Amino acid sequence: MFRSVLVANRGEIAVRVFRTARAMGLRCIAVHSEADAGAMHVAMADEAIAIGPAPASESYLRVERIIEAAKRTGAEAIHPGYGFLSENPLFAEACAAAGIAFVGPSASAMRAMGGKAAAKALMAAAGVPLVPGYHGEDQEPSLLAEEAARIGYPVLIKASAGGGGRGMRVVEREGGFAEALWSAQREAEAAFGDHRVLVEKYLARPRHIEVQVLADSHGATLALSSRDCSIQRRHQKIVEEAPAPFLPDAMRAALGEAAVAAAKAVGYVNAGTVEFIAEGDRFFFMEMNTRLQVEHPVTEAITGLDLVAWQLRIASGEKLPFGAEPSLSGHAIEVRLCAEEPRAGWRPAVGRLSRFVMPEGEGIRVDTGVREGDAVTPFYDSMVAKIIAHGATRDDAIARLRSALDATEVDGVATNLDALRAILAVPAFAAAAPATTFLAEHEAQVLAPPRPAPKRALLAAVAAVIDAERRQPAASAADPASPWEMREGWRLFGAARRVLRLHADGREIEVPLAYRSAGVMARLEGEEHALSWRRDGRDGAFRIRIDDTEAAATVLRSPGAVTVTLPGQGRWRIGIVDALEPARGDVAGDDRVASPIPGRVASVQCAVGDVVARGQVLVVVEAMKTELRIAAPVDGTVARVDVAAGDQVEEGMELVLLEPATASAQE
Ligand code: ADP
Ligand code: ADP
Ligand code: MG
């Protein structure tokens with residue numbers, strides 16, 4: 001076995017490889033871009049080498065810099081992770097030339113599977129079933145159009161060099177072919193430097209089923225169960241499970257045999273995945289990913305194998321000790337938590353993770369490469385974590401994953417968390433095998449705007465705010481006039497009364513309160529309610545009593561807002577607009593209007609002297625292809641504007657100085 005490994009990657013996969021490598025006693029070497037100097041994978045490594053600026057093309061994709069880093073640190077092996085150079089045969093060759101073991105297949109196996117078109121020709125020869133299509137060399141548009149007509153519409157145009165769903169176009173009828181071809185070729189050229197495409201029959205409602213293979217250099221090739229990754233947005237997976245559910249045994253066995261035949265046809269060694277598309281009891285080869293895949297943890301869960309450990313052992317020449325598929329246990333489901341805006345076409349989002357709480361518990365695994373406070377930049381993949389649940393049955397796994405997602409908290413960056421929760425709650429998900437059309441079929445439910453906050457959620461927010469005020473240490477005596485001193489309401493005005501103002505569902509809600517010895521009387525929507533509460537152990541857990549009904553609620557505080565979760569009912573973010581709610585000081589950087597990312601100022605939407613409301617957009621920063629709207633963190637007055645349209649800004653740079661509104665709301 002090697003004594004050291006360099007991971008030519010970042011984020012959760014780098015962290016995940018290090019975890020195994022460390023357990024195996026290997027020295028862990030990280031490489032990183034300038035943007036990642038403070039990243040988790042760097043902090044975790046024994047040694048870390050900076051390899052260039054933030055854009056991947058200047059860092060994680062620079063073969064010579066990575067090889068140089070490996071030589072300098074004496075790394076004996078390089079693990080490529082996924083994405084970046086993981087499927088690049090030139091990288092595998094460069095490792096070999098430098099005398100460093102590449103943890104993956106041979107360059108020739110990568111080349112054979114690298115082009116979808118050539119791989120399909122090879123698979124046809126090996127007797128692996130293919131979707132009817134054209135995968136020839138001749139790329140003459142008129143010929144491709146003829147082939148499309150022969151195959152029969154609808155057809156799918158795919159970039160031969162494709163990956164990650166890019167360069168793919170569905171064409172419904174002949175009239176749309178020429179334009180779709182042109183745009184697919186253009187996207188393929190831009191993304192992969194190769195405009196070649198293939199054309200195949202577009203299946204209307206297929207499943208994506210794939211098989212993990214593991215092959216050693218002594219001739220053993222194993223299929224490890226199956227995975228279903230049918231739930232996709234923009235042809236990219238977001239929910240994956242193992243084994244593929246609702247699959248007849250005969251079909252599962254046939255898929256495994258086809259996967260092994262595919263791997264053997266190219267002399268495959270190490271871990272790889274053969275992807276199929278299936279309709280009814282028929283299945284067709286789609287492509288082979290010659291690397292570890294994002295969704296490998298679900299296979300690890302049901303097989304009990306550490307696939308990264310086996311990748312390292314295989315690369316060091318070890319033999320697989322098992323002749324057949326190991327016995328399987330239970331069912332596992334993974335979701336990809338991504339920084340994106342599902343309701344805006346799943347567009348990637350960036351920002352700083354002001355809150356990042358991952359679930360824990362029996363059968364729950366989280367793979368992530370970020371921590372609270374880290375920035376999500378536009379430079380790399382939008383995935384911030386994978387949450388995996390393992391249970392005895394599929395229903396158990398679903399139940400575990402649902403409660404894990406209920407315990408997950410992310411703030412500061414938009415994510416698909418609510419969409420993931422909604423997917424798992426769609427009755428059809430539990431009832432039947434999902435197809436790749438799942439999101440389109442259940443869009444209304446998955447992208448449903450949040451329900452208006454019920455009374456119980458609003459009152460739970462009130463309870464948590466007052467509870468926090470009561471628990472705050474006394475303010476400094478040096479500032480007796482500080483409004484923070486008045487923790488029990490405005491006694492100055494006689495009775496202990498006040499009005500707490502909340503922001504929810506796009507409106508402001510006033511809640512007049514009268515303090516009682518236990519709790520408060522709160523008036524909401526014209527009705528008086530006796531509200532009392534007690535903390536329930538865990539951070540943010542409360543028992544909330546409203547009149548004569550008590551129930552659990554979780555209330556988590558972030559700057560200027562709370563997030564209320566009512567078990568089984570949902571979660572709501574409720575803004576707190578109140579003099580007593582500390583609007584600054586409890587989280588660093590509260591009222592700073594700073595750019596969370598490096599970029600260019602697209603527009604400035606405020607001027608000195610403007611009175612602005614929390615949430616109002618002040619500046620728009622553009623980075624790569626993303627526009628980030630930077631909003632006022634609190635109500636206030638613009639005291640200074642430090643940037644103008646067109647300016648370059650650094651991460652963390654202050655853009656606008658805001659004078660927060662003072663505690664003048666004494667009704
Ligand atoms: P990539 O390299 O981008 O992963 P794939 O060939 O693996 O490309 O296809 C990605 C996804 O596109 C599949 O998981 C499936 O949802 C969809 N897809 C691919 N081929 C077809 C097809 N012939 N008919 C319908 N959907 C398809
Ligand atoms: P597929 O290519 O069939 O979608 P996966 O689902 O395993 O296969 O996804 C791999 C892709 O996911 C990579 O090609 C890459 O674009 C993206 N990706 C996800 N996470 C990362 C990461 N941490 N680093 C690099 N790429 C990543
Ligand atoms: Mg694929």
Side-chain angles (χ1 to χ4, degrees), residues 82-84 86-88 110 112-124 128-135 144 147-148 150-172 180 184 187-188 190-192 194 196-213 226-241 244 255 258-259 262 271-280 282-296 334 336 346 381 383 433-441:
Y82 23 70
F84 300 136
S86 61
E87 296 188 88
N88 186 332
M110 279 188 201
M113 287 297 186
K116 285 191 191 351
K120 287 194 175 177
L122 213 98
M123 291 302 111
V128 179
L130 299 183
V131 187
Y134 169 80
H135 16 86
L144 292 171
E147 288 294 335
R150 178 185 60 81
I151 294 160
Y153 286 89
V155 298
L156 183 64
I157 302 174
K158 271 189 203 180
S160 185
R166 281 174 303 173
M168 233 188 260
R169 295 288 181 283
V170 180
V171 194
E172 297 292 345
E187 188 173 318
F192 313 108
D194 180 345
R196 286 175 302 166
V197 297
L198 57 91
V199 184
E200 64 186 30
K201 182 81 193 160
Y202 182 67
L203 305 182
R205 206 175 171 278
R207 297 175 66 180
H208 173 119
I209 300 175
E210 58 184 37
V211 179
Q212 173 75 57
V213 296
S226 53
R227 292 192 289 250
D228 187 311
C229 314
S230 297
I231 300 188
Q232 308 176 344
R233 46 106 177 83
R234 295 193 271 110
H235 299 296
Q236 283 178 301
K237 306 155 184 170
I238 49 172
V239 180
E240 302 113 330
E241 51 186 310
L255 280 159
T273 295
V274 186
E275 297 189 328
F276 299 93
I277 193 159
E279 218 171 35
R282 306 213 305 155
F283 63 84
F284 312 97
F285 172 85
M286 210 156 34
E287 64 166 341
M288 180 167 189
N289 289 142
T290 53
R291 53 173 165 85
L292 192 68
Q293 264 179 310
V294 173
E295 57 273 24
H296 74 276
E334 167 181 290
R336 300 189 190 187
W346 307 86
D381 198 85
M383 190 171 78
T436 59
T437 45
F438 184 91
L439 286 186
E441 288 162 16

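Heads up: numbering here begins at 1 and tracks the sequence. Please read all numbers here as calculations on a predicted model, not as lab measurements. As the structure lists them, so they are numbered: ligands from 1, and atoms in each ligand from 1.
Near Ile277, with a cut-off below 4.0 Å to any heavy atom, the atoms of ligand 1 are 18 (N), 20 (N), 21 (C), 22 (C), 24 (N), 25 (C), 26 (N), 27 (C). Close approach to Gly165 involves these atoms of ligand 1, each under 4.0 Å from a residue heavy atom: 1 (P), 3 (O). The contact set between ligand 1 and Lys158, taken as ligand atoms under 4.0 Å from a residue heavy atom, comprises 6 (O), 19 (C), 20 (N). The Thr436 neighbourhood of ligand 1 comprises atoms 16 (O), with distances under 4.0 Å to a heavy atom of that residue. For ligand 1, the atoms sitting less than 4.0 Å from at least one non-hydrogen atom of Gly162 are 2 (O), numbered in the order shown with element in parentheses. Residue contact check: Glu287 has heavy atoms under 4.0 Å from atoms 1 (P), 2 (O), 4 (O), 5 (P), 7 (O), 8 (O) of ligand 1. Counting atoms of ligand 1 from 1 in the listed order, those under 4.0 Å from a heavy atom of Glu275 are 7 (O). For ligand 1 and Lys116, the ligand atoms under 4.0 Å from any heavy atom of the residue are 1 (P), 2 (O), 6 (O), 8 (O).
Residue nearest to atom 17 (C) of ligand 1, selected from Glu210, Glu279, His235: His235 (by heavy-atom distance). Of the options Gln232, Met168, His208, the smallest heavy-atom separation from atom 16 (O) of ligand 1 is shown by Gln232.
Side-chain polar atoms of Gln232 and Thr436 form no donor-acceptor pair below 3.5 angstrom.
For the pair Phe284/Leu203, a side-chain contact is recorded, criterion being any heavy-atom separation below 4.5 Å from C-beta on.
Checking each of Gln293, Glu334, Glu241, His296 against Arg227 for a side-chain hydrogen bond (donor to acceptor under 3.5 Å, both in side chains) leaves exactly one that passes, namely Gln293. Just one residue in the list His235, Glu287, Arg196, Met168 forms a side chain to side chain contact (heavy atoms under 4.5 Å, CB included) with Lys158, and that residue is Met168.
Checked by distance only, ligand 1 and Val131 stay at 3.5 Å or farther apart across all their nitrogen or oxygen atoms. Close N/O approach between Tyr202 and ligand 1 is not found [any backbone or side-chain N/O within under 3.5 Å]. Of the polar atoms of Met286, none of the N or O atoms is found under 3.5 Å from an N or O of ligand 1, judged by distance alone. Between Glu200 and ligand 1, a contact under 3.5 Å exists for at least one N or O pair. Ligand 1 has an N or O atom lying under 3.5 Å from an N or O atom of Gly164, backbone or side chain.
For Phe276, the ring pair (Phe, Tyr, Trp, His ring centres under 6.0 Å) partners at least two apart in sequence or on another chain are Phe283. Residues meeting the salt bridge (charged side-chain N to carboxylate O under 4.0 Å, His left out) test with Glu441, sequence neighbours left out: Arg205.
Sorting the N, O or S atoms of Glu275 by how far they are from the Mg ion (ligand 3) puts OE1 first.
With salt bridges taken as basic N to acidic carboxylate O contacts below 4.0 Å, none links Arg282 and Glu279. A salt bridge between Glu275 and Lys237 is present, with a side-chain N of the basic residue lying under 4.0 Å from a carboxylate O of the acidic one.
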